[in-house]
Engineer: 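Just dropping this structure here.
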Amino acid sequence: FDEIIVDIAMKRKQYPRKILEYVINTIKTKQE
Amino acid sequence: GTPVSRVKLLDTMVDTFLQKLVAAGSFQRFTDCYKRFYQLQPDVTQRVHDKFITQLQTSIWEEITEIKQEGNMEAVLNALDQIVEEGKGRTEPAWRPSGVPEEDLRSTIVPYFLQQRDTLRRRVQRQEVENQQLAEAVLARRRQVEQLQLQVQARQQAWQALYREQRELVAVLREP
Amino acid sequence: MSVNPMTYEAQFFGFTPQTCMLRIYIAFQDYLFEVMQAVEQVLVKKLDGVSNCDISPIQIRKCTEKFLGFMKGRFDSLFGKMEQLFLQLILHIPPNILLPEDKFQELHSYSEEQFQLLKEEIEQLQEKYKTELCAKQALLAELEEQSVVQARLRQTLTLFDELINVGRHHGTSDFRESLVSLVQNSRKLQDLRGHIEREGASLETS
């Protein structure tokens, strides 16, 4: 249970940033 | 009034915990349990009890120090102090993950989409203005071309008239 | 009792506060046991040195268990209180606090349909931008074409001008007039020639 909590919490912390990088790259590529 | 730092709180709590634990393991109680040994060797009992207390305290403080170093805990707790200090102005409960990642992610992405939308709006606007100017230039050019075409047409007709008269001349010249 | 997973704290610390406390509990408890074990070993060793001692190691062990039993009870109770305070005051993110990485959440709380609308608007703007760019290309192409046509027409006009200049250069200011006068002169010449021919003929006959 503890590992699941930490795993989810880490995903909540890191994934938005990672996904954001892709989103920003996509937007830039579209603009180019 | 001034908030106590989490690191200081932690030290204070551990210190209090230890004080109370030491109080629980008082010499009185120690000798109650090791009564016969105490009667046999009271000095040794005193020294052993003192050693027990100092060793327990030393071990526990070493553990706390290790935990602080291992997870860089002091910096993390100080950072949390900072975050709490900055957010103390607000009273209502803050946002918390909804448990639906798509939903939570939306808000993270929205600022960039808004930025993209604003950029696109500006570009479209700028392009529209530029195209408006180009369109006016094209229209003006069309009028100029029309003028030129009329001029050329007039000249052409004049020359064609001339040509007809030239043919007439030839006819005249050929007359028997 | 519902367990509070303290996920938000885990997001900040990288571990759950409960795990951290468990780790501290186990470490402290180990130390208590170790120290007690050391105490017992010292006492037993001390007894070895005493002659005619009627205290056996078993009895020492019983004393240790009694003392440790009491200490463990106090330890658990004290640790429980300290753990509660840790989880409330130290390893806790107050409900009114938002972590920095989540600051967007409160700036832009967008519903699904708002999000969709925003995406659609972006797509429309992209299409519109493409259209405008195409229009720009078309306009530039027409301007380019118009320049060519204008040049061609001006060239034609220049040609006409040069023709007139050629005429002027040879004394005829206006082609048309000169052609008319040419026709008139030709007619006069023809009449003259006719007249001369007639005269010639009459001379032959006389």
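Residue numbers begin at 1 in each chain, while the letters A, B, ... track the order of the sequences. All values reported here derive from a predicted model rather than from experimental measurement.
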Engineer: Please rank B:Ile64, B:Val145, B:Leu80, B:Val44 by heavy-atom pairs under 4.5 Å with chain C and give me the top one.
Structural biologist: B:Leu80
Engineer: Decide yes or no for B:Arg121 and C:Lys128: does some side-chain heavy atom of the first lie under 4.5 Å from some side-chain heavy atom of the second?
Structural biologist: no
Engineer: What part of B:Thr108 gets closer than 4.5 Å to chain C, counting heavy atoms only: side chain, backbone, both or neither?
Structural biologist: both
Engineer: Do C:Tyr110 and B:Phe113 have ring centroids that are under 6.0 Å from one another?
Structural biologist: no
Engineer: Is B:Phe27 atom CZ crowded by more than 12 heavy atoms from other residues, nucleotides or ligands, each under 6.0 Å away?
Structural biologist: yes
Engineer: Can you name the nearest heavy-atom pair linking B:Ile83 to C:Leu99, along with the distance?
Structural biologist: CD1-CD2, 4.3 Å
Engineer: Which bit of B:Lys51 comes within less than 4.5 Å of chain C, counting heavy atoms only: side chain, backbone, both or neither?
Structural biologist: neither
Engineer: What part of C:Asp54 gets within 4.5 angstrom of chain B, counting heavy atoms only: side chain, backbone, both, or neither?
Structural biologist: both
Engineer: Taking atom CD1 of C:Ile58 as the centre, does the number of heavy atoms from other residues, nucleotides or ligands within less than 6.0 Å exceed 12?
Structural biologist: no
Engineer: Heavy atoms only, distances under 4.5 angstrom: which of B:Leu148, B:Thr45, B:Ile109 has the most pairs with chain C? Name it, please.
Structural biologist: B:Leu148
Engineer: Working note: C:Val42 + B:Arg47, criterion side-chain contact (heavy atoms from CB on, under 4.5 Å); need CA distance, chi angles, decisive distance, verdict.
Structural biologist: CA-CA 11 Å; C:Val42 166; B:Arg47 281 204 306 278; over 6 Å; no
Engineer: Please determine whether the number of non-hydrogen atoms from other residues, nucleotides or ligands lying under 6.0 Å from atom CD of C:Gln29 exceeds 12.
Structural biologist: yes
Engineer: Working to the nearest 0.5 angstrom, can you tell me the gap between C:Ile24 CD1 and B:Glu66 CD?
Structural biologist: 11.5 Å
Engineer: Check whether any side-chain heavy atom of C:Lys66 lies under 4.5 Å from a side-chain heavy atom of B:Tyr34, and answer yes or no.
Structural biologist: no
Engineer: Sort B:Asp32 into side chain, backbone, both or neither according to what part of it lies under 4.5 angstrom from a heavy atom of chain C.
Structural biologist: backbone
Engineer: Heavy-atom distance under 4.5 Å to chain C: side chain of B:Leu10, backbone, both or neither?
Structural biologist: both
Engineer: Is the closest side-chain heavy-atom distance between B:Leu9 and C:Phe86 below 4.5 Å?
Structural biologist: no
Engineer: Under 4.5 Å from any heavy atom of chain C, what part of B:Glu92 do you find: side chain, backbone, both or neither?
Structural biologist: backbone
Engineer: Count the heavy atoms of every other residue, nucleotide or ligand shown that sit under 6.0 Å from NZ of B:Lys20, and state whether that count exceeds 12.
Structural biologist: no
Engineer: Taking B:Gln55, B:Glu63, B:Gln116 one by one, which has the highest count of heavy-atom pairs under 4.5 Å against chain C?
Structural biologist: B:Glu63
Engineer: Using heavy-atom distances under 4.5 Å, tell me whether B:Val76 contacts chain C through its side chain, its backbone, both, or neither.
Structural biologist: both
Engineer: Looking only at heavy atoms, which two atoms of B:Val84 and C:Pro94 are closest? And how far apart?
Structural biologist: CG2-CD, 3.8 Å
Engineer: Measure B:Val7 against the heavy atoms of chain C and call it side chain, backbone, both or neither at under 4.5 Å.
Structural biologist: neither
Engineer: Side-chain contact, heavy-atom cut-off 4.5 Å: B:Phe52 with C:Met71?
Structural biologist: yes
Engineer: So do the side chains of B:Val48 and C:Val39 get within less than 4.5 Å of each other, counting heavy atoms only?
Structural biologist: yes
Engineer: Which region of B:Gln41, side chain (C-beta onward) or backbone (N, CA, C, O), has a non-hydrogen atom less than 4.5 Å from a non-hydrogen atom of chain C, or is it both or neither?
Structural biologist: side chain
Engineer: Chain C heavy atoms under 4.5 Å from B:Glu62: which part of the residue, side chain, backbone, both or neither?
Structural biologist: neither
Engineer: State the CZ-CG distance between B:Arg6 and C:Leu91, to the nearest 0.5 angstrom.
Structural biologist: 9.0 Å
Engineer: Parallel, tilted or perpendicular, judged at 30° and 60°: which one describes the rings of B:Trp159 and C:Phe160?
Structural biologist: parallel
Engineer: A side-chain contact here means heavy atoms from C-beta on lying under 4.5 Å apart; do B:Phe37 and C:Lys46 qualify?
Structural biologist: yes
Engineer: Going by heavy atoms in the side chains, are B:Arg29 and C:Arg74 under 4.5 Å from each other?
Structural biologist: no
Engineer: State whether C:Glu106 and B:Arg90 are salt-bridged, where the test is any N-O pair (Lys NZ or Arg NE/NH1/NH2 against Asp/Glu carboxylate O) under 4.0 Å.
Structural biologist: yes
Engineer: For C:Glu144, is there an ion pair with B:Arg141 - N to carboxylate O distance below 4.0 angstrom?
Structural biologist: no
Engineer: Contact part of C:Glu132 toward chain B, heavy-atom cut-off under 4.5 Å: side chain, backbone, both or neither?
Structural biologist: both
Engineer: Give a yes or no on this: more than 12 heavy atoms of other residues, nucleotides or ligands lie within 6.0 Å of atom CZ of B:Arg36.
Structural biologist: yes
Engineer: What are the two closest heavy atoms between B:Ser107 and C:Phe104, and how far apart are they?
Structural biologist: O-CB, 3.5 Å
Engineer: Given a strict heavy-atom distance threshold of 4.5 Å, which part of C:Ser77 is in contact with chain B: side chain, backbone, both, or neither?
Structural biologist: neither
Engineer: Mind ranking B:Leu114, B:Thr91, B:Leu40 by heavy-atom pairs under 4.5 Å with chain C and telling me who comes out on top?
Structural biologist: B:Leu114
Engineer: Does any backbone or side-chain atom of B:Gln82 lie under 4.5 Å from a heavy atom of chain C? Answer side chain, backbone, both or neither.
Structural biologist: neither
Engineer: Go through B:Gln127, B:Arg155, B:Glu165, B:Glu130 and name the one with the most non-hydrogen pairs under 4.5 angstrom from chain C.
Structural biologist: B:Arg155
Engineer: Quick check on B:Glu86 against chain C: is it the side chain, the backbone, both or neither that has a heavy atom closer than 4.5 Å?
Structural biologist: neither
Engineer: Looking only at atom types and distance, does a side-chain atom of C:Gln146 sit under 3.5 Å from a main-chain N or O of B:Val138, one as donor and one as acceptor?
Structural biologist: yes
Engineer: Among C:Arg154, C:Met82, C:Lys136, C:Gln11, which residue forms the greatest number of heavy-atom pairs with chain B at distances under 4.5 Å?
Structural biologist: C:Lys136
Engineer: What option among B:Thr16, B:Asn131, B:Leu120 has the most heavy-atom pairs under 4.5 Å with chain C?
Structural biologist: B:Asn131
Engineer: Within a reach of under 6.0 Å around NZ of B:Lys68, are more than 12 heavy atoms found that belong to other residues, nucleotides or ligands?
Structural biologist: yes
Engineer: Which bit of B:Tyr163 comes within less than 4.5 Å of chain C, counting heavy atoms only: side chain, backbone, both or neither?
Structural biologist: neither
Engineer: For the residue pair C:Ile93 and B:Arg96, establish whether any side-chain heavy-atom pair is separated by less than 4.5 Å.
Structural biologist: yes
